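Report on the following structure.
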Number of protein chains: 2
Amino acid sequence: MDHNSPNVFVYLVDDEFAVRDALALLIKASGWSVKSFDCAQDFLNNYYHEFPGCLILDVKMPVMGGLELQEELIKRNIKIPIIFISGNADIPDSAKAFRAGAVDFLEKPFEKSILLERIDEAVQKDIKARQQLLEKASIQDCFNRLTTREKEVLQLIVNSHSNKEAAKILDVSPRTIDAHRARVMDKMQAENVAALVTMVMSHELLSQTFAPREVQ
Amino acid sequence: MDHNSPNVFVYLVDDEFAVRDALALLIKASGWSVKSFDCAQDFLNNYYHEFPGCLILDVKMPVMGGLELQEELIKRNIKIPIIFISGNADIPDSAKAFRAGAVDFLEKPFEKSILLERIDEAVQKDIKARQQLLEKASIQDCFNRLTTREKEVLQLIVNSHSNKEAAKILDVSPRTIDAHRARVMDKMQAENVAALVTMVMSHELLSQTFAPREVQ
DNA sequence: GAACGCCTAGGTATTTATACCTATGTATTT
DNA sequence: AAATACATAGGTATAAATACCTAGGCGTTC
């Protein structure tokens, strides 16, 4: 296997040199770029926010443990997928890790092949999440350029109201809705209503106070 | 707290009477309807598919253990949220449970308040999942009534093609698209394109081979 | 062979949306 | 005071969707 996307990093945080050494070797042999650290703080200072990857994290470490680092990452809104590895953790540790979104929690010693599978899974998860974030940010940028009135009109368009209906609801002339609508389509770079709805729906841009459909 | 939605059930599966007895009392005191079983098979035979709820499940049991039951439920496509409780399970057990979707994995003895919190969480999760399933089934029903050609036209409508474009793509007269389109709108009970797109998008009805938007 | 479902496609009329244009009042910023 | 941004709304024209109608061809089922 060869994962030489040059900008994907597998981070490895463990206070024991022997573990870092052995795992780094294993993971590099699978084609990944590995960055090893012996403490959580070093990882925090050297993590490349801009590139996808995953984190292999020891639970028990001096100063800052793996679970604490996970908390810190959540606080900082860093969503790198985490695979925990541990020598003497317990079930509450594992439960805490999983409930906070861990990909897996492996007890040392573990099957090397499982770790490599989890790395694949975690990296794919991160890449996908980043793509979605990019797309959302791009749409959100457009959305933020809309004026309040334009957002209202967008809401009405997406909620399937015709210009005439929207005009009644906002109590203005249909021509005014025309104007707003045209500006909305322009600013959102949408070619037509279907594209607009798709954009808004897939990223939950608007407060979904409306019911798109009732179940009979 | 009072959860007397008469049709929500908290299932409790544990081979020890003392555990069942104590927990059933606790959970009933919070207003839930509780169904207790001393083995996995009894639960499978008595689970009410049609009502929401959650499952509190012991890991170590004779005949069929909790993790085996979880597997069996997945096989049978039964998606009831599970809260595991265990006396002497290990981390791999917990990891397996979580990776298969468990809500939590509690070691006996556990804080009663945490169990009650997890029950709330799990039941809410099931109710939400069931609502989405209902909505999806309703839309899927309509969708299934479409002919192959109508599905193709729906695909084109949702992908933002005008009648004229769709006509070119399918190499038929625009009038034919008109006809198909009208039948699609009718069968899908959609009042307009926005509603149609919403329906299809929110339940990923069509193979998403198209890119709704490119990120610059 | 008749009935049915489906794809096909035209006629006609109405309603909507879209694309240009202009223009005024108001509030905010410079 | 001038410039800018925004909501407002009209004129005119074209394009598109929608709602009615009819109807032939084709394959399957009864």
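Every chain is numbered from 1, with letters handed out A, B, ... down the list of sequences. Predicted model, so just to flag it, every value in this text is computed and none were measured.
- When the side-chain nitrogen and oxygen atoms of A:K164 are compared with OP1 and OP2 of C:dT16, one or more of them lie within a distance under 4.0 Å.
- Checked against D:dA7, C:dT18, C:dA9, the side chain of A:V193 finds its nearest nucleotide in C:dT18.
- Relative orientation of the B:Y48 and B:F51 rings is perpendicular, given thresholds of 30° and 60° on the angle between their planes.
- In this structure, of D:dT8, D:dA17, C:dA17, it is C:dA17 that holds the atom nearest to the side chain of A:N163.
- Taking only side-chain nitrogens and oxygens, A:S173 comes nearer than 4.0 Å to OP1 or OP2 of D:dG10.
- Residue B:H180 contributes atom NE2, which lies 8 Å from atom C1' of C:dC6 at whole-angstrom precision.
- Comparing D:dA9, D:dA7, C:dT16 by their nearest atom to the side chain of A:V172 picks out D:dA9.
- By the 30° and 60° cut-offs, the orientation of the rings of B:F9 relative to B:Y11 is tilted.
- Interface remark: the A:R175 side chain does not form any donor-acceptor pair with the C:dT22 base, using a distance-only criterion of under 3.5 Å.
- In this structure, CE of B:M185 is placed 8 Å from P of D:dA19, rounded to the nearest angstrom.
- Across the protein-nucleic acid pair, A:I157 atom CD1 and C:dT18 atom P stand 8 Å apart, rounded to whole Å.
- B:L196 places its CG atom 14 Å from the C1' atom of D:dA17, with the value rounded to the nearest Å.
- We find that A:D93 and A:K96 are not joined by a salt bridge, their nearest charged nitrogen and carboxylate oxygen being 4.0 Å or further apart.
- Residue B:T147 is in sugar-phosphate contact alone, with no base atom involved, counting any heavy-atom pair closer than 4.0 Å across all strands shown.
- We find that CD of A:E152 is positioned 9 Å from P of D:dA7, with the value rounded to whole Å.
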query = salt bridge (Lys or Arg N to Asp or Glu O under 4.0 Å) between B:E165 and B:K168: does it pass, once the steps are laid out?
reply = CA-CA 5 Å; B:E165 288 171 341; B:K168 266 184 205 159; over 6 Å; no

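- Put simply, CD1 on B:I177 is 11 Å from C1' on C:dA9, counting in whole angstrom units.
- The CG-P distance, from B:D178 to D:dC21, rounds to 15 Å in whole Å.
- Distance, B:H161 NE2 to D:dA17 P: 12 Å, rounded to whole Å.
- Heavy atoms of other residues, nucleotides or ligands lying less than 6.0 angstrom from CG of A:D171 number 12 at most.
- Residue B:R149 places none of its side-chain N or O atoms closer than 4.0 Å to OP1 or OP2 of C:dC6.
- Checking D:dA7, D:dA16, C:dA17 against every side-chain atom of A:S162, the shortest atom distance belongs to C:dA17.
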